[in-house]
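Have a look at the structure below before the remarks.
What you see is a predicted model; the values in this text were computed from it and never measured. Chain naming here is simple, since letters A, B, ... match the order of the sequence lines and numbering starts at 1 in each.
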Amino acid sequence: MRRTTTSRPPIALDHCQVTRLHPVPPFHFDATVHKPSHFPSSDNHHEPGKYWQSVRFLDRHLGVKLENRGQTDSPEIKLSVYSNEPLRSGEVDRVASELDYRFDLHTDLSSFYAELGDDPLLGPVFARWRGMRVKACQSLYEFLVIATVLQNATVRRSVQMMENLFHQYGTRIRFDGRELACFWDPEALAAVEEAELRALKVGYRARALSLICRAFASHELDEMQMRTMPADELRKRLLGLYGVGPASVWYIMFEVFHHYDEVETVSPWEQKIYSRLLFGQESVSREDIVAEVTRRWGRWRMLALHYLFEDIFWKRKTQTVDWLEPLIRL
DNA sequence: CATCAGGGCCCTG
DNA sequence: CAGGGCCCTGAT
């Protein structure tokens with residue numbers, strides 16, 4: 001009988017080192033670290049001004065805590081890195097620099113606001129979320145797992161699949177008084193039979209999960225190198241992975257690799273939401289959506305859509321958005 | 001009880 | 001290039 005990793009007590013990350021991150025202003029802490037449109041996951045936790053996240057990095061299980069210590073125009077983040085043994089010199093810096101990339105802290109968005117600030121849709125949104133960044137605090141491999149459990153599933157089912165995977169293959173970590181799940185390595189899954197994955201109710205996705213982790217375990221893919229690839233080449237690489245189609249590629253191009261103009265496709269769910277946001281209609285064709293955002297926002301089109309999208313989901317937290325509710329299938 | 005669609009993707013003809 | 005099948009779940 002397989003002993004699940006999470007049946008063990010959590011790893012205590014009792015060592016902590018503190019450093020600072022300095023985002024390029026303007027910077028909006030909460031809208032960057034927390035994306036209300038994303039499904040909840042036990043690898044992170046957000047409270048206003050604070051964010052906890054597990055990170056599998058440098059072959060370690062780490063806990064990171066980000067705290068807002070600045071203002072929009074003079075931003076500063078206190079970063080606490082928790083580990084089970086003291087980190088070697090330089091390791092905290094490597095974590096800081098990786099987070100800098102994953103939270104997109106070094107991008108200068110001033111021309112984005114300058115060029116699009118007069119847009120009637122974006123103007124009010126900028127007023128609320130100026131300084132918001134794209135964020136994917138997962139590695140490419142980890143994000144591919146998320147993209148896979150999103151496929152053809154309602155929110156509840158995606159959450160269930162993700163938590164089943166964390167329970168079976170992840171590691172519980174404990175730091176700063178919180179317990180979170182931490183991702184497994186692709187190597188750990190590479191040895192697992194598809195049938196075992198299917199038992200976690202991931203269905204046909206078992207094959208994709210299995211083949212994707214092998215692509216990483218065998219080092220066919222190099223995330224760091226992919227960060228510098230031209231968009232066309234990158235897209236082709238991603239599409240070549242089994243179980244990765246246009247919808248997953250779209251999320252990854254934008255969220256993981258920060259291609260702000262990536263709107264090659266619009267999947268059905270987003271299509272309905274953008275139709276409302278852009279045209280006030282129930283269903284506008286994807287071609288019309290792509291044409292409109294390209295004409296209107298050019299090289300910033302996906303970042304602009306991200307602002308509109310998260311804005312409506314933030315709004316939903318405090319008030320009812322009657323047209324949005326039926327679109328969110330729990 | 002049966003049927004269906006859901007925040008896709010692969011494979012076939 | 002269109003369309004069927006795929007896993008599972010909750011809604012009808």
Side-chain angles (χ1 to χ4, degrees), chain A residues 34-41 134-136 138 140-169 189 192-215 221 234-256 262-278 282-287 289-290 293 302 305-317 321 323-330:
Chain A
H34 179 65
K35 301 297 178 185
S37 77
H38 290 187
F39 71 78
S41 165
V134 196
K135 161 227 164 183
Q138 288 84 17
L140 172 60
Y141 167 69
E142 293 161 358
F143 198 98
L144 279 160
V145 173
I146 295 169
T148 304
V149 303
L150 278 172
Q151 290 171 18
N152 213 28
T154 53
V155 175
R156 191 195 312 275
R157 196 151 131 61
S158 295
V159 170
Q160 182 205 43
M161 288 188 272
M162 199 61 240
E163 295 306 316
N164 285 351
L165 288 164
F166 272 135
H167 182 77
Q168 185 76 4
Y169 305 111
L189 224 56
V192 167
E193 295 290 331
E194 258 182 63
E196 187 181 315
L197 286 169
R198 275 176 182 265
L200 302 179
K201 303 180 188 296
V202 300
Y204 67 90
R205 301 168 194 81
R207 182 156 178 73
L209 289 171
S210 194
L211 291 173
I212 289 170
C213 71
R214 281 177 214 166
L221 296 177
L234 181 55
R235 206 179 289 122
K236 219 173 290 171
R237 259 342 262 285
L238 293 167
L239 267 176
L241 290 166
Y242 185 92
V244 177
S248 302
V249 167
W250 182 30
Y251 297 148
I252 292 167
M253 289 294 286
F254 177 62
E255 295 191 46
V256 177
E262 181 78 12
V263 195
E264 296 288 298
T265 184
V266 180
S267 28
W269 189 61
E270 283 84 349
Q271 184 187 357
K272 291 177 197 155
I273 294 174
Y274 294 149
S275 296
R276 283 286 188 170
L277 293 172
L278 293 169
E282 271 193 31
S283 183
V284 176
S285 77
R286 58 188 60 194
E287 293 76 19
I289 293 174
V290 173
V293 300
M302 188 56 222
L305 283 175
H306 178 66
Y307 269 70
L308 291 181
F309 202 78
E310 294 305 323
D311 179 62
I312 200 73
F313 277 87
W314 276 107
K315 188 173 176 185
R316 176 173 176 263
K317 282 181 173 245
V321 182
W323 61 263
L324 184 57
E325 291 314 313
L327 295 181
I328 298 172
R329 307 248 182 230
L330 296 177

For [X], report the nucleic acid contact type (base, sugar-phosphate, nothing); a contact means any heavy atom under 4.0 Å.
| X | result |
| --- | --- |
| A:Leu200 | nothing |
| A:Ser37 | base |
| A:Thr148 | nothing |
| A:Gln160 | sugar-phosphate |

We want to know whether [X] and [Y] form a side-chain donor-acceptor pair, criterion being a heavy-atom distance below 3.5 angstrom.
| X | Y | result |
| --- | --- | --- |
| A:Ser37 | A:Glu310 | yes |
| A:Glu262 | A:Tyr251 | no |
| A:Tyr169 | A:Glu196 | yes |

Please figure out whether A:Arg156 or A:Met161 has its closest DNA chain C nucleotide nearer the 5' end.
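Between the two, 5'-proximity favours A:Met161.
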Atom CG of A:Leu209 to atom C1' of C:dC7: distance rounded to whole Å?
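For the pair A:Leu209 CG and C:dC7 C1', the rounded distance is 12 Å.
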A:Glu194 CD to B:dC10 P: how many Å, rounded?
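Checked: the CD to P distance equals 14 Å.
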Is the backbone of A:Met161 close enough, under 3.5 Å, to the side chain of A:Arg205 for a donor and an acceptor to pair up by distance?
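Pair absent, no side-chain N/O of A:Arg205 close to backbone of A:Met161.
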Is the backbone N or O of A:Gln271 less than 3.5 Å from a side-chain atom of A:Ser275, with the two atoms forming a donor-acceptor pair by type?
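Answer holds: yes.
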Please verify the inter-ring angle class for A:Phe313 with A:Trp269; under 30° counts as parallel, over 60° as perpendicular, anything in between as tilted.
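Geometry flag for A:Trp269 against A:Phe313: tilted rings.
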Find every protein N or O atom lying less than 3.5 Å from an N or O atom of nucleotides 11-13 of chain B, and list the pairs.
none

Could you give the distance from OH (A:Tyr274) to CD1 (A:Ile289), rounded to the nearest 0.5 Å?
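That separation rounds to 8.5 Å.
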What's touching nucleotides 2-6 of chain C from the protein side, N or O pairs under 3.5 Å?
none

Does the pair A:Glu255/A:Lys35 count as a salt bridge with the N-to-O cut at 4.0 Å?
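Judged by the 4.0 Å cut-off on N to carboxylate O distance, A:Glu255 and A:Lys35 do not form a salt bridge.
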Given DNA chain B, 5'-ward residue of the pair A:Leu239 and A:Val155, judged by closest heavy atom
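First, find each residue's nearest nucleotide; the 5'-ward one identifies A:Val155.
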